[in-house]
Amino acid sequence: MRVACVPGIVSICMTAAAAAFAQAPPARAVTAAHVTVELLCAAERPVAGQQAMGLQFTLEPGWHIYWQNPGDSGTPPDTQWQLPAGVWASPVEWPLPERIDEAGSVNYGYRGHVVLPFTLTIAPSAAGAPLAVRAAVQWLVCRDMCVAGKAALELKFPLVSADRARVGEWELLIAHAKRQVPQPAPSSWKATAKASGDAFVVDIITGRSEQSGTIFPLDVSQVDDGAPQGQESLPAGVRFTLRKSQQLVKDPATLRLVVALDGGRAGIIEVPLVR
């Protein structure tokens, strides 16, 4: 089912559209409209402790899915787990996204290919025995229009031979994705933020002059996602000027931002807002 990417109603459209999909038997990989979704693992057999896993999306050219904060419109993938006793799954983690500008609407998301890593925790009582990891996944894949999709995924341990042959490849994909997940900014970075009229001014001191970067707000409806991000190089850092969202009724006490700088450097900052 196709739906328009209209801010404020996309999640409603997604729920309604996904409900229209017929139920299908679970599978490790499911190909739907414009995307293939699959479960990956970094081990052949379940062992006690923590096990690296991944939820992979492979998209047709020009299509994208959304980050945890989707930006101007959209909604991120949602995953509901069905797991045997003694097995727990962490929430998925979110690798650094990109700004996707389409006709003046800016979203944060992924094009081409992305793995959302997560961790499976297995109790000793559940280790060594056959088990199935099942996930009900819903997503919105968009280009000029959006298509809501859902899939019932299942990965069975021990793996079948065809999957065992790919564990090495999957392990590398999951490890790469985990390296792309932003972590708290280095302690050497110092950040300040102030409200100035209709904008937030954020200074990030890294110890060197920064020529360019991008900010991804973690909280929705605080920053005008479609507005250009003003940038000014400082002798030891960078200054960002972010226009406030028109939906913002009151300035927040703290800004939570992912800051991406040249050279693949990225970090999460939580900075009190000075008025």
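The model shown is predicted, which means the values in this text are computed figures rather than measured ones.
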Review point. Can you tell if the side chain of Leu59 reaches within under 4.5 Å of the side chain of Arg111, non-hydrogen atoms only?
Key: no
Point to revise | Flag if over 12 foreign heavy atoms under 6.0 Å of NZ, Lys178 | key: yes
Point to revise | Glu38 vs Leu40, side-chain contact (heavy atoms from CB on, under 4.5 Å): CA-CA, chis, key distance, verdict | key: CA-CA 7 Å; Glu38 53 190 312; Leu40 312 182; 4.0 Å; yes
Below 3.5 Å, can you tabulate the donor-acceptor pairs from side chains in residues 85-92 to any protein atom, sequence neighbours excluded?
residue: Ser90; atom: OG; partner: Thr119; partner atom: N; Å: 2.9

Check your understanding: Between the main-chain N or O of Leu159 and the side-chain N or O of Arg164, is there a donor-acceptor pair closer than 3.5 Å?
Key -> yes
Point to revise | Within one Ile-Leu-Val-Met-Phe-Trp-Tyr cluster: Phe157 and Leu83, side-chain cutoff 4.5 Å | key: yes
Practice item. Would you mind reporting whether Asp225 and Ser245 have side-chain heavy atoms less than 4.5 Å apart? Key: no
Exercise for review: For the residue pair Val258 and Leu96, establish whether any side-chain heavy-atom pair is separated by less than 4.5 Å.
Suggested key: yes
Point to revise | Side-chain donor or acceptor of Asp72 paired with backbone N/O of Asn107 under 3.5 Å | key: no
Review point. Taking the hydrophobic residues Ile, Leu, Val, Met, Phe, Trp and Tyr, and joining any pair whose side-chain heavy atoms are under 4.5 Å apart, which ones share a cluster with Leu273?
Key: Trp189, Phe200, Val202, Ile204, Ile215, Val223, Val238, Phe240, Leu242, Leu248, Leu255, Leu257, Val259, Leu261, Ile269, Val271
Practice item. State, with a plain yes or no, whether a side-chain heavy atom of Pro252 is found less than 4.5 Å away from one of Gln222. Key: yes
Point to revise | Distance, nearest 0.5 Å, that separates CZ of Arg134 from CG of Leu155 | key: 11.0 Å
Check your understanding: What's the shortest heavy-atom distance between Pro26 and Glu154, and which atoms?
Key -> CB-CB, 3.7 Å
Check your understanding: At their closest point, which heavy atom of Pro124 faces which heavy atom of Ala48, and how far apart are they?
Key -> CA-CB, 3.9 Å
Practice item. Check whether any side-chain heavy atom of Pro130 lies under 4.5 Å from a side-chain heavy atom of Lys156, and answer yes or no. Key: no
Review point. Between Phe216 and Tyr108, what is the ring plane arrangement, given parallel below 30°, perpendicular above 60°, and tilted in between?
Key: perpendicular
Review point. When you check the side-chain N and O atoms of Gln211 and Ser209, is any donor under 3.5 Å from an acceptor?
Key: yes
Point to revise | Shortest non-hydrogen separation from Arg143 to Pro61 and the atoms involved | key: NH1-O, 4.1 Å
Check your understanding: What distance do Arg45 atom CZ and Gln51 atom CD have between them, rounded to the nearest 0.5 Å?
Key -> 11.5 Å
Exercise for review: Start with the C-alpha gap between Asn69 and Asp219, add the side-chain angles, then the distance that decides, and say whether side-chain contact (heavy atoms from CB on, under 4.5 Å) holds.
Suggested key: CA-CA 7 Å; Asn69 173 5; Asp219 296 307; over 6 Å; no
Review point. Going only through I, L, V, M, F, W and Y residues with side-chain contacts under 4.5 Å, is there a path from Trp94 to Ile100?
Key: no
Review point. Short question: side chain of Arg166, backbone of Asp163 - any donor-acceptor pair under 3.5 Å?
Key: no
**Study point:** Rounded distance [0.5 Å steps], CD in Gln56 versus CG in Leu153
**Key:** 11.5 Å
Point to revise | Val106 with Trp63, same ILVMFWY side-chain cluster at under 4.5 Å | key: yes
Practice item. Please confirm whether the backbone N or O of Phe57 pairs with a side-chain atom of Tyr110, one donor and one acceptor, at under 3.5 Å? Key: no
Study note, to complete from the structure: Here the gap from Glu93 atom CD to Leu55 atom CG, rounded to the nearest 0.5 Å, amounts to 12.5 Å
Point to revise | Check against side-chain contact (heavy atoms from CB on, under 4.5 Å), Gln138 and Leu140 | key: CA-CA 7 Å; Gln138 296 189 49; Leu140 200 64; over 6 Å; no
Review point. So, does Gln82 use its side chain to make a donor-acceptor pair with the main chain of Gln80 at under 3.5 Å?
Key: no
Exercise for review: Please step through side-chain contact (heavy atoms from CB on, under 4.5 Å) for the pair Ile268 and Arg256, ending with a clear verdict.
Suggested key: CA-CA 7 Å; Ile268 300 169; Arg256 300 191 315 129; 5.8 Å; no
Check your understanding: Under a 4.5 Å cut-off applied to non-hydrogen side-chain atoms, are His113 and Leu173 in contact?
Key -> yes
Check your understanding: Salt-bridged, Asp251 to Lys244, with N to O below 4.0 Å?
Key -> yes
Review point. When you measure from the side chain of His64 to the backbone N and O of Cys142, does any donor-acceptor pair fall under 3.5 Å?
Key: yes
Point to revise | Exercise: identify the closest heavy-atom pair between Pro95 and Leu116 | key: CD-CD2, 3.8 Å
Review point. Looking at CE of Met53 and CD1 of Ile174, how far apart are the two atoms once the value is rounded to the nearest 0.5 Å?
Key: 7.0 Å
Check your understanding: Do side-chain atoms of Arg239 reach the backbone of Asp203 as a donor and acceptor pair under 3.5 angstrom?
Key -> no
Check your understanding: Looking at CG of Asp224 and CD of Gln246, how far apart are the two atoms once the value is rounded to the nearest 0.5 Å?
Key -> 6.5 Å
Exercise for review: Determine whether Pro46 and Leu120 make a side-chain contact, defined as any pair of heavy atoms from C-beta on separated by less than 4.5 Å.
Suggested key: no
Exercise for review: Measure centre to centre between the rings of Trp81 and Phe118, then say whether the value is under 6.0 Å.
Suggested key: yes
Practice item. Kindly check if the number of other-residue, nucleotide or ligand heavy atoms within 6.0 Å of NE2 (His176) is above 12? Key: no
Exercise for review: Over all heavy atoms of both residues, which pair between Val167 and Ala43 is shortest? Give the atoms and the distance, please.
Suggested key: CG1-N, 3.9 Å
Review point. Can you name the nearest heavy-atom pair linking Asp262 to Arg265, along with the distance?
Key: O-NE, 2.8 Å
